[in-house]
Amino acid sequence: MAETGEEETVSAEASGFSDMSDSEFLDLEDSQELSASLSKPSPASELPGKDGKLISLPKWERGLDVSSPMERFHLKYLCVTDLSTQNWCEQQMVYGKELPGSVAPEKAAVLDTGASIHLARELEVHDLVTIPITSKEDTWAVKFLNMLSMIPTLQSGGHIREFPVFGEVEGVLLVGVIDELHYTAKGELELVELKTRRGPVLPLEAQKKKDRFQVSLYKYIFDAMVQGKVTAASLLHHTKLHPEKPLGPSVLKHAQQGGFSVTSLGDLMDLVFLSLTLSDLPVIDILKIEYIHQETAALLGSEIVSFEERELRNKVQHYMGYWVGRREPQGVDVEEAWKCRTCSYADICEWRKGGGMRSSVPVPQTKRAT
DNA sequence: ATTGCTGAAAGG
């Protein structure tokens with residue numbers, strides 16, 4: 001029996017964040033750091049003070065990266081799509097964070113079409129309800145309520161869409177949303193990621209690689225969640241949420257309607273972590289990507305991704321190296337310079353100017369002082 | 001609070 005998917009998913013709508021756009025005024029620190037990083041000649045950072053008093057320079061005057069990109073961009077977590085964008089071109093992703101809101105209108109239209117196709121598919125399995133929220137705790141509470149309603153649906157054979165995942169990876173909190181999950185006829189848990197395409201053609205290999213990386217990351221996080229490897233403590237640590245803070249009235253109302261007797265975010269988190277670990281959820285068995293044509297909805301192709309954990313972890317470790325400040329960002333290799341053709345930052349890209357686009361020129365190793 | 005704050009993903 002195909003379930004009707006009559007379930008309703010709650011979607012939060014922010015109510016009080018409209019005054020957020022003036023966060024620029026404290027950015028003077030960032031901009032002078034940008035110019036400082038042009039002169040990053042030698043790691044000879046210790047200017048010898050005459051009498052040994054030098055270390056007390058405030059960190060922003062020392063120029064180079066004492067603060068990690070996570071801190072500079074004021075990020076408490078990253079999205080899965082941040083990392084997959086990073087997989088496409090790390091330098092472009094960085095420019096995107098520094099200069100937000102500069103997507104070419106033509107590209108934006110394609111994204112927009114894709115977004116509405118996804119929304120239409122989501123509405124096939126559940127309704128959306130708008131809930132006024134009053135705090136970031138509310139935002140997460142809504143996410144948790146959605147999970148609590150979706151897990152039983154999944155376990156009773158239904159299809160669920162937009163399932164939230166989160167977990168600490170390499171010391172950084174990663175947050176994402178799985179497009180679709182369901183059990184196959186054989187009883188395997190399958191993830192489906194829908195990709196819509198402007199033209200009626202399959203993507204290039206570089207794009208496929210990025211998509212494979214994205215779904216692999218979902219599985220990595222989801223598996224960790226159902227295996228109890230993601231803890232409430234870790235989530236609270238990164239998000240700085242207040243678990244004891246009472247939830248807003250409309251969120252509370254919806255929790256009660258769902259049959260959950262909770263008063264705080266902490267209560268809800270307990271329920272979620274119990275549900276995740278005690279519902280007999282398996283790890284994801286199958287990762288599938290479907291490419292469809294936007295205009296005609298024709299299926300262009302579908303691909304089963306083989307999950308290579310080792311390879312995934314290496315990539316993630318490398319990407320996080322940038323975020324935590326272990327290394328500078330890098331652009332694409334010459335082989336992939338074609339990506340610059342459609343990049344809106346091509347004309348300002350320091351990676352290109354700096355002749356950064358090399359393939360794999362071995363850098364003569366200067367002896368490391370030990 | 002000499003300061004706060006984030007729907008993620010959308011496609012190339």
Side-chain angles (χ1 to χ4, degrees), chain A residues 9-27 70-71 73-85 87-89 92-93 96-97 100 103-122 128 130-147 161-166 173-180 193-199 201-211 214-215 217-218 221 238-242 289 291-294 300 332 336 338-346:
Chain A
T9 285
V10 205
S11 91
E13 190 160 85
S15 58
F17 292 118
S18 38
D19 54 318
M20 275 225 0
S21 45
D22 52 351
S23 57
E24 268 101 68
F25 67 38
L26 44 120
D27 277 354
M70 287 302 286
E71 295 165 331
F73 295 125
H74 307 116
L75 299 174
K76 292 207 262 287
Y77 59 83
L78 295 176
C79 303
V80 167
T81 47
D82 287 331
L83 291 211
S84 55
T85 303
N87 178 282
W88 178 264
C89 174
Q92 182 189 36
M93 184 277 302
K97 289 284 180 195
V103 261
E106 204 232 314
K107 188 178 283 185
V110 180
L111 292 176
D112 218 51
T113 303
S116 33
I117 292 174
H118 275 265
L119 178 59
R121 301 260 295 214
E122 179 181 4
L128 288 177
T130 300
I131 298 189
I133 56 157
T134 60
S135 64
K136 58 175 181 170
E137 280 75 15
D138 276 359
T139 307
W140 281 85
V142 168
K143 190 195 291 270
F144 294 146
L145 286 173
N146 286 334
M147 295 173 73
R161 296 224 168 97
E162 309 291 306
F163 185 80
V165 291
F166 48 83
L173 180 63
L174 262 184
V175 176
V177 175
I178 292 178
D179 205 15
E180 173 171 344
E193 172 70 31
L194 178 72
K195 294 295 183 197
T196 72
R197 312 257 318 146
R198 166 83 204 290
V201 284
L202 282 171
L204 297 174
E205 185 60 21
Q207 175 103 43
K208 288 186 184 167
K209 264 182 61 180
K210 189 193 89 160
D211 297 340
Q214 181 183 357
V215 296
L217 213 36
Y218 287 141
I221 301 171
H238 288 283
T239 56
K240 308 280 188 267
L241 290 163
H242 298 283
I289 303 174
Y291 296 99
I292 69 166
H293 181 34
Q294 285 191 345
L300 303 174
V332 295
E336 294 200 315
W338 54 267
K339 287 180 178 175
C340 306
R341 200 173 56 80
T342 56
C343 177
S344 27
Y345 308 104

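The sequence lines fix the lettering, A, B, ..., with proteins before strands; numbering per chain opens at 1. Remember, it's a predicted structure, so these values are computed and weren't measured experimentally.
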For the side chain of A:Val175, counting heavy atoms from C-beta on, which of B:dA8, B:dG11, B:dT6 is nearest?
-> B:dA8
For the residue pair A:Leu194 and A:Ile292, establish whether any side-chain heavy-atom pair is separated by less than 4.5 Å.
-> yes
Could you state the atom-to-atom distance from CH2 of A:Trp140 to C1' of B:dC5 in whole Å?
-> 14 Å
Length of the OH-C1' vector between A:Tyr218 and B:dA8, whole Å = 7 Å
B:dG11 C1' sits how many Å from A:Asp112 CG, rounded?
-> 12 Å
If you look at every strand shown and take non-hydrogen atoms under 4.0 Å, does A:Leu75 touch a base, only sugar-phosphate, or nothing?
-> base
Which residues satisfy the salt bridge (Lys or Arg N to Asp or Glu O under 4.0 Å) test with A:Lys208, sequence neighbours excluded?
-> none
Tell me what A:Lys339 touches on the nucleic acid: a base, only sugar-phosphate, or nothing, going by heavy atoms under 4.0 Å.
-> nothing
Kindly write out the residues that satisfy salt bridge (Lys or Arg N to Asp or Glu O under 4.0 Å) with A:Glu193, not counting sequence neighbours, or none if the list is empty.
-> A:Lys195
Rounded distance (Å) that lies between atom C1' of B:dT6 and atom CG of A:Leu78 = 11 Å
Compare side-chain N and O positions of A:Tyr77 against OP1 and OP2 of B:dA8 and report whether any pair is under 4.0 Å apart.
-> yes
State which of B:dC5, B:dG11, B:dA8 makes the closest approach to the side chain of A:Cys79.
-> B:dA8
What does A:Glu162 touch in the nucleic acid at a heavy-atom separation under 4.0 angstrom: a base, only the sugar-phosphate, or nothing?
-> nothing
With a 4.0 Å cut-off on heavy atoms, is A:Thr196 in touch with a base, just the backbone sugar-phosphate, or nothing at all?
-> sugar-phosphate
N/O-N/O pairs, protein side and nucleotides 1-3 of chain B side, under 3.5 Å:
none

Do A:Phe73 and A:Leu78 have side chains that get closer than 4.5 Å, going by heavy atoms?
-> no
Using a cut-off of strictly less than 4.0 Å, decide whether A:Lys143 has a side-chain nitrogen or oxygen near OP1 or OP2 of B:dA8.
-> yes
Euclidean distance, atom CD1 of residue A:Ile292 to atom P of B:dA10 [Å, nearest integer] = 12 Å
When the P atoms of B:dC5 and B:dA1 are considered, how many whole Å apart are they?
-> 14 Å
Do A:Arg161 and A:Glu180 touch side chain to side chain, with heavy atoms closer than 4.5 Å?
-> yes
So, is A:Gln207 close to the B:dA10 phosphate, meaning a side-chain N or O under 4.0 Å from OP1 or OP2?
-> no
Does the side chain of A:Arg198 get closer than 4.0 angstrom to OP1 or OP2 of B:dG12 through an N or O atom?
-> no
Residues at least two apart in sequence or cross-chain that pass ring-ring contact (aromatic ring centres under 6.0 Å, His included) with A:Tyr77, listed by chain then number, are none
Considering just the side-chain nitrogens and oxygens of A:Lys195, establish if one lies under 4.0 Å of OP1 or OP2 belonging to B:dA10.
-> yes
Base, sugar-phosphate alone, or nothing: which one does A:Glu193 contact when heavy atoms must sit under 4.0 Å apart?
-> sugar-phosphate
Donor-acceptor pair present, A:Glu106 side chain and B:dG12 base, under 3.5 Å | no
Is any side-chain nitrogen or oxygen of A:His74 closer than 4.0 Å to OP1 or OP2 of B:dC5?
-> no
Whole-Å gap separating P (B:dG12) and CD (A:Glu205) = 15 Å
Does A:Thr81 reach the main-chain N or O of A:Ser84 with its side chain, forming a donor-acceptor pair under 3.5 Å?
-> no
Partner set under salt bridge (Lys or Arg N to Asp or Glu O under 4.0 Å) for A:Lys97, not counting sequence neighbours = A:Asp82
Whole-Å gap separating C1' (B:dA10) and CD1 (A:Ile117) | 10 Å
Salt bridge (Lys or Arg N to Asp or Glu O under 4.0 Å) partners for A:Arg198, two or more places apart | A:Glu106
Measure from NZ on A:Lys240 to P on B:dG4 and round the result to the nearest Å.
-> 11 Å
Would you mind telling me which residue lines up with the more 5' stretch of DNA chain B, A:Glu137 or A:Thr81, judged by nearest nucleotide?
-> A:Glu137
